[in-house]
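The structure under discussion appears below in the form of structure tokens.
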Amino acid sequence: MKNLRAIVAAFAFLIMIIVPAKGVNLLPTPVSCRETKGVFPIGTVLTYEAPDSVAGRIERVMSRMFSPLKIQRIARNADLRIEMDDKLADGYNLSVGKKGIKLAAGTYAGVVNGVATLRQLLPADLTEQTNGGAKIPGVEIKDRPAHGWRGLMLDCARHFFTVDELHRVLDLMALYKLNTFHWHLVDDQGWRAEILRYPELTQKGAWRKYDGIDRRCLELAARDNNPDMLLPADRLRVTEQGDTLYGGYYTQQEMRDMVKYAADRGITIVPEIDVPGHSRTLTAVMPELSCEGRSSASVCPGNDSTLTVIQNIFSELFDIFPSKYVHIGGDEVDKRVWRQCHRCKARAVAENLPSTDRLQAWFIRQMESYFKANGRTLIGWDEIIADGLGEGNAIMWWRGDHTDVIPRATAAGMSTVCTDFDCLYLNFDNNDRFVDKILNLSDRLGRLAPQERRALLGVQANLWSEYVPTFRSACHQIFPRLFAVAEVAWTDPTAPQRLTRKEFDTRADAHYALLDAMGATYALPEITGVESENIFVGKTEVAPKMRGNHGTLRYTLDGTIPDPSSPLFTEPIEVTDTLSMTFASFRPENTRSEIRHARYIPVAGYSPATEAANEPGLRLYRYRNGEIGCVADIDRQPCVGDTVVAQPCMPGYAEDRCYIWRGYIDVPADGIYTFTLSSDAGSTLDIDGKRVVNNDWVHVTQRRRGQAALARGLHPVEIRYFVWRDASGSFDFEVNPPVSFRH
Ligand code: ACM
Ligand code: ZN
């Protein structure tokens with residue numbers, strides 16, 4: 001009997017976990033959520049009871065998150081009763097029923113997490129509720145985070161975001177239970193943190209004449225008629241000489257206020273000063289810290305003053321930011337200038353280093369001692385792993401193709417945060433597949449060895465802002481992808497039951513309205529079913545699609561970009577001749593989201609097939625990495641081996657990552673085949689000796705597609721791909737409909 005009861009209880013618990021609550025679309029997915037019968041109505045005021053230790057702070061948060069509802073603390077019989085229960089840590093239990101709302105959490109952060117869930121249960125637009133009252137569905141939720149670090153990095157150096165905008169970013173992070181804001185404060189393009197001891201860092205370093213990225217943003221704004229890509233006027237100033245400068249910086253008081261604002265939302269701010277590379281601004285203001293006495297990509301580690309100045313800068317940050325972790329940067333350090341510098345050479349000799357290149361690790365170790373002496377833990381990009389960095393530090397694993405980073409860091413006693421550029425860099429092209437990549441990250445994290453999982457602090461998305469000049473453009477890059485980031489950061493990667501892509505899409509669709517209500521914009525789903533060049537034999541249909549139903553598709557036929565008065569695309573159009581169309585998706589507020597230009601081109605017939613050797617797979621040739629700038633350079637390098645592979649996909653990490661795949665594609669039926677190459681850096685695809693996809697040259701992850709009209713049978717294929725120097729690399733090949741390979 002006891003056993004039977006246990007079985008029934010276990011079964012009931014399982015149902016509670018795996019049956020998604022109807023009508024309740026929470027993101028990230030709670031550990032368990034059961035929908036109950038009752039609903040709880042609230043009017044224009046939400047009353048709450050809470051211990052003094054949380055009341056003031058959580059009231060500030062709720063007043064903003066639940067606006068325009070009035071939040072009022074009362075002594076008893078409140079709508080919302082908040083209690084502390086140590087056992088729950090940063091997790092929480094939330095029940096909503098006829099009698100009211102009860103929230104229990106172990107920490108203040110847990111209370112914020114519970115309040116974020118409550119906000120998601122409320123109607124999106126609370127202004128509409130002021131007359132009728134809001135209804136909260138009855139639920140029993142038990143929830144806790146799988147990872148302690150659920151982060152978002154915002155690069156405020158390439159483009160500057162105001163404190164008010166950052167507050168809104170923190171509000172949105174809290175709503176999706178992200179708890180770490182990594183503040184990238186300096187880079188080659190600007191210095192944003194006031195340092196009292198060195199005021200010129202912001203007086204000079206926070207301002208620049210328009211540079212290449214600014215000009216590109218303005219070009220994109222004009223090309224796409226997109227005001228979100230303009231440089232905001234409040235970030236421009238005109239000097240006495242008549243120069244227009246772009247910039248801005250945060251005073252120490254503003255940074256302290258940010259810390260407090262974030263803490264109210266259960267968010268820790270981790271500041272970053274990126275050294276010894278990415279130092280053009282620092283060395284422009286203080287040329288004496290460089291090897292050559294002028295603005296330089298890297299500081300001079302041979303110069304004692306370099307260490308003193310950088311330590312003084314961190315010392316001021318330690319006073320402002322109470323976080324355990326402080327970020328040193330350490331990525332993409334250009335060491336070439338060190339090889340010619342007499343001070344660097346002398347330092348390498350004095351420190352018994354085999355080469356000046358090792359000064360990178362030496363510099364980081366010096367900073368590590370300084371951080372430790374100040375009670376802080378150093379975190380840096382994964383390049384800092386080299387050369388015996390000590391235990392207790394942390395690594396941000398951004399070069400996801402360097403698969404040895406987590407094992408090496410764990411073995412050395414370091415913690416890791418996963419920020420794999422291939423799926424967590426939100427500045428990259430937003431497309432439907434990107435969300436799959438983010439969600440699939442859970443599988444990869446679930447496969448880590450137990451000790452590696454224990455050393456994993458969590459997951460973080462990064463938004464580099466070269467082409468993100470406004471808050472609206474930032475939101476467009478961040479959402480809806482941040483929903484998926486929150487999902488993998490919050491949920492247990494080893495849990496048997498995880499959200500499928502379809503379930504994720506259903507939930508995400510329900511959240512667009514919440515973003516609308518919060519004044520945050522987002523990218524509508526990708527416009528699919530049309531390519532930039534669409535070939536056809538005889539006739540075809542123009543049939544663009546957009547997943548979900550939160551938005552409309554409009555089009556033009558004259559090459560201009562659709563506006564809200566352009567015709568709606570409602571049904572497929574038959575095409576028999578050349579045609580150009582431009583599609584755009586519009587949010588409910590009639591702002592434009594995605595643009596797709598599409599040309600339709602008739603071709604005479606299907607390219608004939610060949611008789612050929614017929615073993616499964618392709619032959620993969622590997623070449624030595626060198627100064628490769630385009631795919632034509634690959635086979636100018638020595639070939640270091642070849643092998644047969646089933647598919648063109650990225651082999652495991654190797655020092656040499658330049659590849660050519662050769663063989664045949666086996667086409668199952670006459671038809672139009674669409675090929676996609678997404679790569680960092682260049683890649684190309686040739687079929688029947690003709691270039692079908694051109695994704696060549698050195699670039700960050702970029703997707704290109706091409707089509708070929710192919711007759712059933714075998715067609716020679718050659719795919720080329722290279723990684724730039726020892727940088728991060730990514731490569732994805734897709735073909736639709738599917739084909740097989742022969743060699
Ligand atoms: C990086 O993307 N350079 C960390
Ligand atoms: Zn030097």
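Since this is a predicted model, take the numbers as computed values, not measurements. Throughout, numbering of the chain's residues begins at 1 and tracks the sequence. Every number for a ligand or one of its atoms is a count from 1 in the order of the listing.
In summary, of the residues considered (D656, V698, D633, N625), a side chain to side chain contact (heavy atoms under 4.5 Å, CB included) with F722 occurs for V698 alone. In summary, of the residues considered (R433, R704, R705), a salt bridge (charged side-chain N to carboxylate O under 4.0 Å, His left out) with E734 occurs for R433 alone.
In terms of the ring-ring contact (aromatic ring centres under 6.0 Å, His included) criterion, residue partners of W149 (sequence neighbours excluded) are, by chain and number, Y325.
Salt-bridge check for R347 with D304: passed, with a basic side-chain N closer than 4.0 Å to an acidic carboxylate O. With salt bridges taken as basic N to acidic carboxylate O contacts below 4.0 Å, one links D357 and R339. In this structure, R703 pairs ionically with E526, as a charged nitrogen and a carboxylate oxygen lie closer than 4.0 Å.
Listed by chain and number, D331, E332, W381, W398, Y425, W464 each place a non-hydrogen atom less than 4.0 angstrom from ligand 1.
Atoms of the protein (N, O or S only) found under 2.8 Å from the Zn ion (ligand 2) are C291 SG, C300 SG, C341 SG, C344 SG.
Although no hydrogens or angles enter the test, the distance criterion places a donor-acceptor pair under 3.5 Å between the side chain of Q252 and the main chain of E194.
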Hey, can you pull the donor-acceptor pairs under 3.5 Å for the side chains in residues 379-386, sequence neighbours left out?
residue	atom	partner	partner atom	Å
W381	NE1	E272	OE2	3.0
D382	OD1	R399	NE	2.6
D382	OD1	R399	NH2	2.9
D382	OD2	W398	N	3.0
D382	OD2	R399	N	2.9
E383	OE1	W398	NE1	2.9
E383	OE2	E332	N	3.0

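Two rings, from Y425 and F434, have their centers 6.0 Å or more apart.
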